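If you're wondering where the values come from, they're calculated on a predicted model, not measured in any experiment. These values consider heavy atoms only, across backbone and side chains, with no hydrogens, waters or symmetry-generated copies. In what follows, chains are A, B, ... by sequence order, proteins preceding strands, each numbered from 1.
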There are 2 protein chains.
Amino acid sequence: MLTSKYDCFSCANQNCLIKKHTSSEFIQELLRLKNTIACKKGRQFIMEGAPINGLFFVHTGKAKVLKTGIYGKEQILRFVNDGEIIGHRGFGTREKYSISALAIEDTILCNFSNEVLKEMLQNIPALTYDFMLFYAEELNRSEIKVKTIAHMTVREKVIDALLYINRKFGENHKELLNVQLSRQEIADFAGTTDEQVIRTISSLKKEGLLKAVGKKIGIINVENLKKEISEHNYFLDS
Amino acid sequence: MLTSKYDCFSCANQNCLIKKHTSSEFIQELLRLKNTIACKKGRQFIMEGAPINGLFFVHTGKAKVLKTGIYGKEQILRFVNDGEIIGHRGFGTREKYSISALAIEDTILCNFSNEVLKEMLQNIPALTYDFMLFYAEELNRSEIKVKTIAHMTVREKVIDALLYINRKFGENHKELLNVQLSRQEIADFAGTTDEQVIRTISSLKKEGLLKAVGKKIGIINVENLKKEISEHNYFLDS
DNA sequence: CGCCTATTTGAACCGGGTCAAGCATTGTGG
DNA sequence: CCACAATGCTTGACCCGGTTCAAATAGGCG
């Protein structure tokens with residue numbers, strides 16, 4: 001099993017926190033206990049309020065992390081790409097997931113149980129340190145998001161969301177969406193409605209700041225878009 | 001100096017992360033390197049964008065942590081009470097503070113430099129673990145806040161803010177504010193305007209949910225207030 | 001006591017959420 | 001392969017909550 005298709009040694013995600021520490025001999029036994037899960041597009045693999053069942057890493061694929069309100073409104077907190085963590089904070093005192101997670105395309109997930117994770121963290125200080133830094137950075141991002149949603153206009157929020165998506169998924173430089181996100185999803189991330197997202201995107205296209213190839217949209221010039229919101233984010237890269 | 005008025009051994013903050021680990025012999029030398037700073041009410045001791053100068057703990061007093069926008073709008077991210085941390089994420093890659101912090105009453109601060117802190121974290125895994133848990137919980141709170149600001153009405157946001165303040169500063173059960181917070185400050189935390197805070201508080205008083213003794217306000221019945229927003233927060237205690 | 005600031009209340013305005021209708025696109029089954 | 005249903009996208013119009021502006025009142029402090 002160690003030489004499975006999805007084992008950590010042959011994994012391509014160099015930025016994965018676990019991958020970074022595979023040289024530690026302590027970890028090697030624990031890696032055998034990893035679960036690999038294939039998750040179809042659209043499927044929910046973490047349910048807010050359900051008992052915590054360890055930590056997930058995205059091996060390949062994409063997912064969204066969100067909170068749901070009673071009126072059916074969703075707040076997407078972040079999108080997740082190859083190598084990134086989902087379902088964190090599954091140790092500490094908390095015993096229920098505080099977020100939901102859904103695959104937005106077919107995704108391979110690596111899962112470590114609570115016990116295995118705890119074992120790792122208690123025995124590999126460098127790993128714990130990396131986790132600490134990870135959470136600290138996530139906290140930064142989240143706090144920037146609080147300010148974004150509280151103070152920006154809808155146009156600014158949508159631009160901010162598009163820039164984030166571009167950073168996250170826009171490796172091929174001319175087409176924005178490596179992911180196919182619905183207007184609704186962009187709205188749920190930006191903190192507005194799908195109509196507003198559509199209006200803003202329409203305007204941006206007319207202004208020559210965005211282009212559209214079929215359903216996919218692409219940012220013509222990232223710097224021009226950034227200008228509109230730069231005043232709010234001294235320390236972006238969120 | 002070790003037996004200073006503010007040394008960690010005689011400190012009353014049992015929940016302070018440093019205090020929890022004073023038994024570690026490694027830490028004892030480092031504790032000598034702690035700086036103690038007296039900060040008058042209203043004074044700013046962390047400036048967003050300035051180089052990071054270590055980590056602060058509130059020995060005694062109260063402070064607010066915020067981000068500032070160009071239009072003079074402020075977003076208060078959290079209030080800080082005895083024993084709590086401010087100015088975190090002062091290690092990692094980041095080298096500038098991403099938040100500002102001001103004393104909201106006369107405050108004694110304990111400060112550890114970047115070097116001392118790093119030394120501690122690299123040598124006391126249990127401390128690093130506690131820091132990791134701390135950030136994970138803060139992240140939870142912040143993500144709840146994102147949803148709160150994005151989805152709640154003004155009335156709900158103000159109630160949520162009052163409940164938070166009560167949890168944070170409301171030890172004496174009948175009077176809410178152990179702190180004297182301005183309406184503006186409550187608004188900057190809740191994500192609205194001072195006028196809306198005033199209107200909401202007025203309504204709540206008329207409805208018998210709040211009482212006012214001079215400037216200070218008190219929550220008559222916490223449960224009744226919680227009911228109005230409980231539908232949004234399955235996992236409150238934020 | 002008097003100035004200055006914070007609080008309160010009223011009124012007007014407007015951004016953006018909501019509703020509704022039309023259009024485009026995708027998918028599905030006959 | 002087409003018809004048609006279902007879903008998502010787009011646009012326009014309306015309306016309301018909440019921000020903004022302004023003015024009056026109360027409170028705090030030298």
Side-chain angles (χ1 to χ4, degrees), chain A residues 40-42 64 69 71-75 104-105 147-162 176-177 179-207 210-217 228-229 232, chain B residues 40-42 64 69 71-75 104-105 147-162 176-177 179-207 210-217 228-229 232:
Chain A
K40 283 277 176 197
K41 175 174 177 169
K64 58 180 177 182
Y71 307 123
K73 276 194 179 181
E74 290 188 346
Q75 180 62 48
I104 53 180
E105 55 183 55
K147 192 185 139 193
T148 297
I149 289 193
H151 293 333
M152 282 187 182
T153 64
V154 162
R155 180 185 168 97
E156 291 169 330
K157 286 195 273 192
V158 172
I159 290 176
D160 184 70
L162 292 175
L176 171 61
L177 293 188
V179 236
Q180 191 76 331
L181 294 176
S182 69
R183 307 303 192 224
Q184 186 66 59
E185 284 173 317
I186 297 173
D188 287 343
F189 179 77
T192 180
T193 60
D194 53 349
E195 291 96 332
Q196 295 294 347
V197 169
I198 286 160
R199 282 181 237 276
T200 305
I201 289 179
S202 295
S203 301
L204 292 174
K205 279 197 286 197
K206 278 180 197 140
E207 296 166 35
L210 284 186
K211 63 174 179 173
V213 183
K215 273 276 155 84
K216 294 206 168 187
I217 52 178
E228 291 212 26
I229 59 164
H232 292 279
Chain B
K40 283 279 176 195
K41 174 174 178 169
K64 59 180 176 182
Y71 307 122
K73 276 194 179 181
E74 290 187 346
Q75 180 62 49
I104 53 180
E105 55 182 55
K147 192 184 139 194
T148 297
I149 289 193
H151 294 331
M152 282 188 181
T153 64
V154 162
R155 180 184 167 99
E156 291 169 330
K157 287 195 272 191
V158 172
I159 290 175
D160 184 70
L162 292 175
L176 171 61
L177 293 188
V179 237
Q180 191 75 331
L181 294 176
S182 69
R183 307 304 193 223
Q184 185 66 58
E185 285 173 316
I186 297 174
D188 288 343
F189 179 76
T192 181
T193 58
D194 53 349
E195 291 96 331
Q196 294 294 347
V197 170
I198 286 160
R199 281 181 236 277
T200 305
I201 288 179
S202 295
S203 301
L204 292 173
K205 279 196 288 198
K206 276 180 198 140
E207 296 166 35
L210 285 185
K211 62 173 180 173
V213 183
K215 273 276 155 83
K216 295 205 169 190
I217 52 178
E228 292 214 27
I229 59 162
H232 293 278

Enquirer: So does S182(A) get a backbone contact from the side chain of E185(A), meaning a donor-acceptor N/O pair under 3.5 Å?
Expert: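 Yes, because the side chain of E185(A) sits within donor-acceptor range (under 3.5 Å) of the backbone of S182(A).
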Enquirer: Assess whether one donor atom and one acceptor atom, taken from the side chain of Q184(A) and the base of dC9(D), lie less than 3.5 Å apart.
Expert: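 Result: no qualifying N/O pair found.
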Enquirer: Could you grab the distance from atom CG of D194(B) to atom CG of D188(B), nearest 0.5 Å is fine?
Expert: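 One finds 8.5 Å between CG of D194(B) and CG of D188(B).
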Enquirer: How close or far is atom P of dT7(C) from atom CG of D188(B), stated in whole angstroms?
Expert: 12 Å
Enquirer: Does R199(A) make a side-chain donor-acceptor contact with the base of dG12(D), cut-off 3.5 Å?
Expert: yes
Enquirer: Please give, in whole Å, the distance from dG17(D) P to K157(B) NZ?
Expert: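 These atoms are roughly 14 Å apart.
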Enquirer: Go through the N and O atoms of the side chain of Q196(A) and the base of dG17(C), and report whether any donor-acceptor pair is under 3.5 Å.
Expert: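 Check passes, donor-acceptor contact within cut-off.
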Enquirer: Return the nearest nucleotide to the side chain of V154(B); candidates are dG16(C), dT20(D), dG18(D).
Expert: dG18(D)
Enquirer: Of the listed nucleotides (dT9(C), dT11(D), dG18(D)), which one gets closest to any side-chain atom of S202(B)?
Expert: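 My answer, after comparing the listed nucleotides, is dT9(C).
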Enquirer: From NZ of K41(A) over to C1' of dG27(C), roughly how many Å is that when rounded to an integer?
Expert: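 Taking atom C1' of dG27(C) as the reference, NZ of K41(A) is at 13 Å.
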Enquirer: Which whole-number value in Å describes the distance from E195(A) CD to dC19(C) P?
Expert: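 About 10 Å, once rounded to whole Å.
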Enquirer: Measure CG/D194(A) against C1'/dT11(D) and give the value in whole Å, please.
Expert: 12 Å
Enquirer: Which of these nucleotides, dT20(D), dG17(C), dT10(D), is closest to any side-chain atom of T193(A)?
Expert: dG17(C)
Enquirer: Take atom CD1 of I198(A) and atom P of dC19(C), then tell me their distance rounded to the nearest Å.
Expert: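 The distance from CD1 of I198(A) to P of dC19(C) comes to 16 Å, rounded to the nearest Å.
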Enquirer: Just by modelled atom types, is the F189(A) backbone N or O under 3.5 Å from a matching donor or acceptor in the Q75(A) side chain?
Expert: yes
Enquirer: Base of dT11(D), side chain of R183(A) - is there a donor-acceptor contact under 3.5 Å?
Expert: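 Between dT11(D) and R183(A), which were checked side chain against base, a qualifying N/O pair under 3.5 Å is absent.
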Enquirer: If you define the side chain from C-beta out and look only at heavy atoms, does anything of L181(B) sit under 4.5 Å from K64(B)?
Expert: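 SC-SC contact between L181(B) and K64(B) ruled out.
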Enquirer: Rounded to the Å, how far apart are K205(A) NZ and dT11(D) C1'?
Expert: 12 Å
Enquirer: Please give, in whole Å, the distance from dA6(C) C1' to Q180(B) CD?
Expert: 11 Å
Enquirer: Categorize S182(A) for me: base, sugar-phosphate, or nothing, with a 4.0 angstrom heavy-atom threshold over every strand shown.
Expert: sugar-phosphate
Enquirer: Working to the nearest 0.5 angstrom, can you tell me the gap between L204(A) CG and E228(A) CD?
Expert: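 One gets 7.0 Å once the value is rounded to the nearest 0.5 Å.
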